[in-house]
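Here is the structure we will look at.
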Amino acid sequence: MTVKTVGLDLAKDVFQVHGISAAGRKIFNKRIKRPKLLAFFETLPRCIVGMEACGSAHYWGRELSRLGHDVRLMPAAYVKPYVKRGKTDAADAEAICEAVRRPTMRFVEVKSEDQQAILALHRTRDLAVRQRTQLANMIRSLLREFGHVLRSGIEAVIAFAKRHLEGERPDMPDLASGILGTVCYQFLGVHERVEGYSKMIEKHALLDAGARRLMRMPGVGPITASAIVATVGDAKQFRTGRDLAAWLGLTPLNKSSGGKEKLGKITKKGDRYIRKLLITGMTSRALMGRKHPERIDIWSARILAEKPFRLATVAMANKSARIIWAILTKQQEYRQPAA
């Protein structure tokens, strides 16, 4: 019997592979250590290789594709229903093999090394932003304990940290002031790293044609455009713009039954990072629209006037996701809606 489909359960050192024939009959289900994995697939004829889209999946997807195999990545949540019983590597590999053969299964495109490199930069910047926020909150809390309050915004913390290190210190015990100085030093260091990462992302965004097209959209800056292009690619893996919006978790949760349609809050599925960037960009655009209504399109102005603020910004992010799909798939420039 010839192997036609292989389910590969990824791991750090010991992998589980499950192979079946065209008729669905099991040919093997065994463990293979990491150094011998590629050599094993070199001995197999060209076949479909299914994997869960998890850590190291894109690396192995590229390696197996070079050997001529048809690699298909699937979300782990879509594979789970095919696990018959228990939680073993053999059962997982068998479930992957079964799931990859389903005609309605949704797959994830294998990312290139350049895409993963850009995403590594985004993840590192996002970590530094969270650390900066933690340190800013620490500075505010220390000052509040001694009766000093900073105004809102990260700029106020930056200005205070610079003044403190220059010798302009608030009235508090020397020990507390020394600890505060250490935290301020850490804060400014992390802030400089955030600025450096942001400049690197902006530089890479300007070099990519798709990112430059997206940056012409209102509410989409270099960081958002770069993250979308690195994550989504050409967006042809999605059939429609709504599929991209649903993948980002920007569509309502459908709980309809018995002919009664019931829509809830957004699903919040998919890529949380891109969803956060889109909603943040639309929030900034909505705040600008409040001050300057003439600068936004009629649809956005109407939904801001009729709906609650947060609901309106999420709706604007949903529409932006659909426009992004059209721009990436058709490779066209953004066109401002007619007034």
Inset, instruction - Ignoring hydrogens and angles, state whether a donor on the side chain of Asp174 or Ser177 is under 3.5 Å from an acceptor on the partner side chain. - result: no
Inset, instruction - Specify the closest pair of heavy atoms between Ala136 and Ile154, including all atoms of both residues, with the distance to one decimal. - result: CB-CD1, 3.9 Å
Inset, instruction - Using a cut-off of 6.0 Å, state whether more than 12 heavy atoms not belonging to Met217 lie near its atom CE. - result: yes
Legend entry - Asp92 versus Gln16, side-chain donor and acceptor atoms under 3.5 Å: no
Legend entry - Arg151 bridged to Glu155 by N-O distance under 4.0 Å: no
Inset, instruction - Give a yes or no on this: more than 12 heavy atoms of other residues, nucleotides or ligands lie within 6.0 Å of atom CZ of Phe146. - result: yes
Inset, instruction - Can you see which heavy atom on Val110 is nearest to which on Gly61, and at what distance? - result: CG1-C, 4.1 Å
Inset, instruction - For Val14 and Ala11, work out which heavy atoms get closest and say how close. - result: O-CB, 3.0 Å
Legend entry - Glu94 with Lys84: basic N within carboxylate O range, under 4.0 Å: yes
Inset, instruction - Verify whether one side chain among Arg101 and Thr5 offers a donor that lies under 3.5 Å from an acceptor in the other. - result: no
Legend entry - Chi angles and distances behind the side chain to side chain donor-acceptor pair (under 3.5 Å) call for Ser198, Arg125: CA-CA 7 Å; Ser198 299; Arg125 179 189 176 277; 2.9 Å; yes
Inset, instruction - Find out if a path of hydrophobic residues (ILVMFWY) with successive side-chain heavy-atom gaps under 4.5 Å connects Val17 to Leu10. - result: yes
Legend entry - Steps toward side chain to side chain contact (heavy atoms under 4.5 Å, CB included) verdict (Lys30, Phe40): CA-CA 11 Å; Lys30 59 182 179 180; Phe40 171 78; 3.4 Å; yes
Legend entry - Derivation of the side chain to side chain contact (heavy atoms under 4.5 Å, CB included) call for Val100 and Met105: CA-CA 7 Å; Val100 75; Met105 179 56 62; over 6 Å; no
Legend entry - Phe160 and His164 aromatic ring geometry - parallel, tilted or perpendicular at 30°/60° bounds: tilted
Inset, instruction - State, yes or no, whether a side-chain contact exists between Leu143 and Val149 at a heavy-atom distance under 4.5 Å. - result: no
Inset, instruction - Please say whether more than 12 non-hydrogen atoms of neighbouring residues, nucleotides or ligands are located less than 6.0 Å from CD in Glu333. - result: yes
Inset, instruction - Check whether more than 12 heavy atoms from other residues, nucleotides or ligands sit under 6.0 Å from atom CZ of Arg25, and answer yes or no. - result: no
Inset, instruction - Hey, could you give me the CD1/CZ distance between Ile32 and Phe15, rounded to the nearest 0.5 Å? - result: 9.5 Å
Legend entry - Side-chain donor-acceptor pair present, Ser256, Asn254, cut-off under 3.5 Å: yes
Legend entry - Arg163 CZ: over 12 foreign heavy atoms closer than 6.0 Å: yes
Inset, instruction - Would you mind reporting whether Asp13 and Lys33 have side-chain heavy atoms less than 4.5 Å apart? - result: no
Legend entry - Arg132 versus His191, side-chain donor and acceptor atoms under 3.5 Å: yes
Legend entry - Modelled atom types, side-chain donor and acceptor of Arg310 and Thr313, under 3.5 Å: yes
Legend entry - Member of His204, Glu202, His122 meeting the side chain to side chain donor-acceptor pair (under 3.5 Å) criterion with Ser226: His122
Inset, instruction - Quick one: pull up CZ in Arg275 and OG1 in Thr267 and give me the separation to the nearest 0.5 Å. - result: 7.0 Å
Inset, instruction - Measure from the side-chain N and O atoms of Thr283 to the backbone N and O of Ile279, and report whether any donor-acceptor pair falls under 3.5 Å. - result: yes
Inset, instruction - With side chain to side chain contact (heavy atoms under 4.5 Å, CB included) as the test, would you mind laying out the steps for Thr224 and Ile274 before giving the verdict? - result: CA-CA 7 Å; Thr224 304; Ile274 296 179; 5.6 Å; no
Inset, instruction - Report yes if the side chains of Arg213 and Gln331 come closer than 4.5 Å at any heavy-atom pair, otherwise no. - result: yes
Legend entry - Test: Lys276 and Asp126 ion pair at under 4.0 Å: yes
Inset, instruction - For residues Leu150 and Val157, determine if any side-chain heavy atom of one lies less than 4.5 Å from a side-chain heavy atom of the other. - result: yes
Legend entry - Whether over 12 other heavy atoms sit under 6.0 Å from Arg302 CZ: yes
Legend entry - In one Ile/Leu/Val/Met/Phe/Trp/Tyr side-chain cluster, 4.5 Å: Leu142, Val190: yes
Legend entry - Minimum side-chain heavy-atom gap Ile20-Lys4 below 4.5 Å: no
Legend entry - Flag, side chain of Gln115 to backbone of Ser112, donor-acceptor distance under 3.5 Å: yes
Inset, instruction - Measure from the side-chain N and O atoms of Ser141 to the backbone N and O of Asn137, and report whether any donor-acceptor pair falls under 3.5 Å. - result: yes
Inset, instruction - Would you indicate whether the side-chain heavy atoms of Met74 and Glu52 approach each other to under 4.5 Å? - result: no
Legend entry - Any Leu38 side-chain heavy atom under 4.5 Å of Glu63 side chain: yes
Legend entry - CA sep, side-chain torsions, deciding dist, call: Tyr334, Ile324, side chain to side chain contact (heavy atoms under 4.5 Å, CB included): CA-CA 9 Å; Tyr334 172 77; Ile324 287 169; over 6 Å; no
Inset, instruction - Determine whether Met282 and Leu244 fall in the same hydrophobic cluster, where Ile, Leu, Val, Met, Phe, Trp and Tyr are linked whenever their side-chain heavy atoms lie under 4.5 Å apart. - result: no
Inset, instruction - Hey, could you give me the OH/NZ distance between Tyr82 and Lys80, rounded to the nearest 0.5 Å? - result: 14.0 Å
Legend entry - Check: Gly178 main-chain N/O paired with Thr182 side-chain donor or acceptor under 3.5 Å: yes
Legend entry - Heavy-atom pair with the smallest gap, counting every atom of Lys111 and His58: N-ND1, 3.0 Å
Legend entry - Glu145 atom CD, neighbour heavy-atom count above 12 within 6.0 Å: no
Legend entry - His18 vs Phe28, ring pair (Phe, Tyr, Trp, His ring centres under 6.0 Å): CA-CA, chis, key distance, verdict: CA-CA 6 Å; His18 182 92; Phe28 57 78; 7.6 Å; no
Inset, instruction - Identify the heavy atoms of Ile266 and Gly249 that sit nearest to each other, and give their distance. - result: CB-O, 3.4 Å
Legend entry - Co-membership, hydrophobic cluster, residues Val49 and Val3, 4.5 Å side-chain: yes
Inset, instruction - To the nearest 0.5 Å, tell me how far Leu250 CG sits from Lys269 NZ. - result: 13.5 Å
Inset, instruction - Check for a donor-acceptor pair, side chain of Arg322 on one end and backbone N or O of Arg242 on the other, with a separation under 3.5 Å. - result: no
Inset, instruction - State whether Trp299 and Lys319 meet the cation-pi test: NZ (Lys) or CZ (Arg) under 6.0 Å from the six-membered ring centroid, and within 45° of the perpendicular axis. - result: yes
Inset, instruction - Kindly confirm or rule out a cation-pi arrangement of Arg106 over Phe238, judged by NZ or CZ under 6.0 Å from the six-membered ring centre and within 45° of its axis? - result: no
Inset, instruction - Heavy atoms only: give me the nearest Val108-Ala53 pair and the separation to one decimal. - result: CG2-CB, 4.1 Å
Inset, instruction - Measure the shortest side-chain to side-chain distance between Val232 and Trp325 over non-hydrogen atoms and say whether it is less than 4.5 angstrom. - result: no
Legend entry - hydrophobic_cluster_shared for Ile118 and Ile223, side chain cutoff 4.5 Å: no
Legend entry - Nearest-0.5 Å distance that lies between atom CD in Gln237 and atom CZ in Phe107: 12.0 Å
Inset, instruction - Could you tell me the separation between the CZ atom of Arg285 and the CG atom of Leu278, rounded to the nearest 0.5 Å? - result: 11.5 Å
